[in-house]
Amino acid sequence: LDRMHHNQVFICFFSGFGPFGEHTVNASWVAVQELKKLGLGSEVDLQVYEVPVEYQTVQSLVPSLWKQYHPLLVVHVGVSGMATTVTLEKCGRNHGYKGLDNSSFCPDSQCCIVGGPDCIDSVIDMESVAKRVTASGLGVAVSVSKDAGRYLCDFTYYTSLYLSHGRSAFIHVPPLGKPYSGEDLGRALQAIVQEMLELLDQAQEKINCQQHFH
């Protein structure tokens with residue numbers, strides 16, 4: 001039972017559309033629902049959360065998720081009107097949040113964590129994940145980005161990376177039909193998250209081995 005608890009993976013997606021008002025269906029929600037149907041195997045307990053596009057909600061919700069569940073990994077999924085591929089974000093940035101959220105709020109400091117580092121990288125090697133998923137012949141293009149956009153996606157990612165010491169990921173998906181269907185995106189998310197878990201597993205084994213020898 002304990003093992004199940006530690007194998008929890010949280011997928012957080014964004015319920016708002018931000019500047020993408022013409023997208024009546026949020027591709028990230030459709031992709032996450034497809035992923036939920038597919039699952040991540042019997043070992044992994046996949047939980048799905050909806051995150052509103054509001055800075056203050058993110059500031060209270062994300063820490064409570066980490067504190068309550070200590071998940072193995074939290075993957076945030078958002079839709080990007082500019083994306084044409086499934087995009088893995090390498091890092092979150094602390095400064096430059098000037099855009100107002102859905103409740104017309106913006107942090108006075110224009111940053112996520114006052115005094116935090118400028119940029120935090122995920123512990124997951126996104127290039128490696130992208131290469132592996134592309135090589136698996138899934139038929140969905142996967143790319144890597146270093147700029148999650150300085151809006152709620154980036155804000156949430158940085159907050160999550162800060163709290164989890166880098167054990168978070170952010171995936172941007174293109175709008176539905178441009179060019180991928182919800183099923184395509186769901187399969188891509190499944191393959192990506194499985195690769196991420198595999199890499200985390202390998203890293204953990206390395207740490208355990210090192211501890212064993214000292």
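These numbers were taken from a predicted model, which means no experiment stands behind them. Numbering starts at 1 and runs along the sequence shown.
Taking CD of Glu43 as the start and CG of Asp201 as the end, the distance is 9.5 Å to the nearest 0.5 Å. One distance of note links SG of Cys111 with CZ of Arg93; it measures 14.5 Å at 0.5 Å rounding. Here the straight-line distance linking atom CG of Asp101 with atom CG of Leu152 works out to 6.0 Å at 0.5 Å rounding. Separation of atoms CG (Leu199) and CD (Gln194) is listed at 12.5 Å; rounding is to 0.5 Å. The distance from the CD1 atom of Ile171 to the OG atom of Ser80 is 13.5 Å, given to the nearest 0.5 Å.
Annotation: side chain of Leu176 is in contact with side chain of Leu185 (closest heavy-atom distance under 4.5 Å). Side-chain contact check for Ile11 versus Tyr49: every heavy-atom pair is 4.5 Å or farther apart. In this structure, Met196 and Leu73 have side chains that are in contact, with non-hydrogen atoms separated by less than 4.5 Å. Side chains of Arg167 and Trp66 form a contact here, defined as non-hydrogen atoms less than 4.5 Å apart. Proximity of Val142 to Val129: side-chain heavy atoms (C-beta onward) are nowhere separated by under 4.5 Å.
Taking the side chain to side chain donor-acceptor pair (under 3.5 Å) definition, one finds that Ser122 meets it with nothing, sequence neighbours left out. By the side chain to side chain donor-acceptor pair (under 3.5 Å) test, Ser109 is found to be paired with no residue, residues two or more places apart in sequence or in another chain being considered. Residues that satisfy the side chain to side chain donor-acceptor pair (under 3.5 Å) test with Ser145, not counting sequence neighbours, are Glu89. Thr84 pairs by the side chain to side chain contact (heavy atoms under 4.5 Å, CB included) definition with nothing, not counting sequence neighbours. Looking at residues two or more places apart in sequence or on another chain, you find a ring-ring contact (aromatic ring centres under 6.0 Å, His included) between Phe155 and Tyr55, Tyr97. Every side chain to side chain donor-acceptor pair (under 3.5 Å) that Glu54 has, sequence neighbours left out, goes to Thr57. Listed by chain and number, the residues in a side chain to side chain contact (heavy atoms under 4.5 Å, CB included) with Ala203 amount to none (sequence neighbours excluded).
Between the side chain of Tyr180 and the backbone N or O of Ala141 there is at least one donor-acceptor pair closer than 3.5 Å. Under the 3.5 Å distance criterion, the side-chain polar atoms of Tyr151 are matched with a main-chain donor or acceptor of Leu100. Under the 3.5 Å distance criterion, the side-chain polar atoms of Ser136 are matched with a main-chain donor or acceptor of Val133. Of the possible donor and acceptor atoms, none in the side chain of Asn94 sits under 3.5 Å from a partner among the backbone N and O of Cys119. Looking only at distances, a side-chain donor or acceptor of Thr87 sits under 3.5 Å from a matching main-chain atom of Thr85.
Listed by first then second residue, pairs satisfying salt bridge (charged side-chain N to carboxylate O under 4.0 Å, His left out) with a partner in residues 114-130 read Lys90-Glu127, not counting sequence neighbours. Residues in residues 143-152 take part in these salt bridge (charged side-chain N to carboxylate O under 4.0 Å, His left out) pairs, two or more places apart or across chains: Asp147-Arg150, Arg150-Asp154. Sorted by first and then second residue, the salt bridge (charged side-chain N to carboxylate O under 4.0 Å, His left out) pairs involving residues 182-199 (not counting sequence neighbours) are Arg132-Glu195, Asp184-Arg187. Residue pairs meeting the salt bridge (charged side-chain N to carboxylate O under 4.0 Å, His left out) criterion with at least one partner in residues 61-86, sequence neighbours excluded, are absent.
Using a 3.5 Å distance cut-off with no hydrogens or angles, the side chains of Asp45 and Gln47 do pair a donor with an acceptor. No side-chain donor-acceptor contact under 3.5 Å links His76 and Ser168.
Nearest heavy atoms, Val86 versus Ala188: CG2-CB, 4.3 Å. Considering all non-hydrogen atoms of both residues, Ala169 and Ile124 come closest at CB-CD1, 4.5 Å. What you find for Cys106 and Gly99 is that their closest heavy atoms are CB-O, 4.0 Å. Heavy atoms only, all atoms of each residue included: Pro175 and Gly81 are closest at CG-CA, 4.0 Å. Closest non-hydrogen pair, Ala130 versus Val144, comes out as CB-CG2, 3.8 Å. Annotation for Tyr162 and Pro117: closest pair CE1-CD, 4.2 Å, computed over non-hydrogen atoms.
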Decide yes or no on side chain to side chain contact (heavy atoms under 4.5 Å, CB included) for Val75 and Phe10, but give the supporting numbers first. CA-CA 6 Å; Val75 180; Phe10 279 83; over 6 Å; no
List, one per line, each side-chain donor-acceptor pair under 3.5 Å for residues 30-40, sequence neighbours excluded.
from, atom 1, to, atom 2, distance (Å)
Glu34, OE2, Lys37, NZ, 3.3
Lys36, NZ, Leu46, O, 2.7

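His172 and Phe170 have tilted rings, their planes meeting at an angle from 30° to 60° on a 0 to 90° scale.
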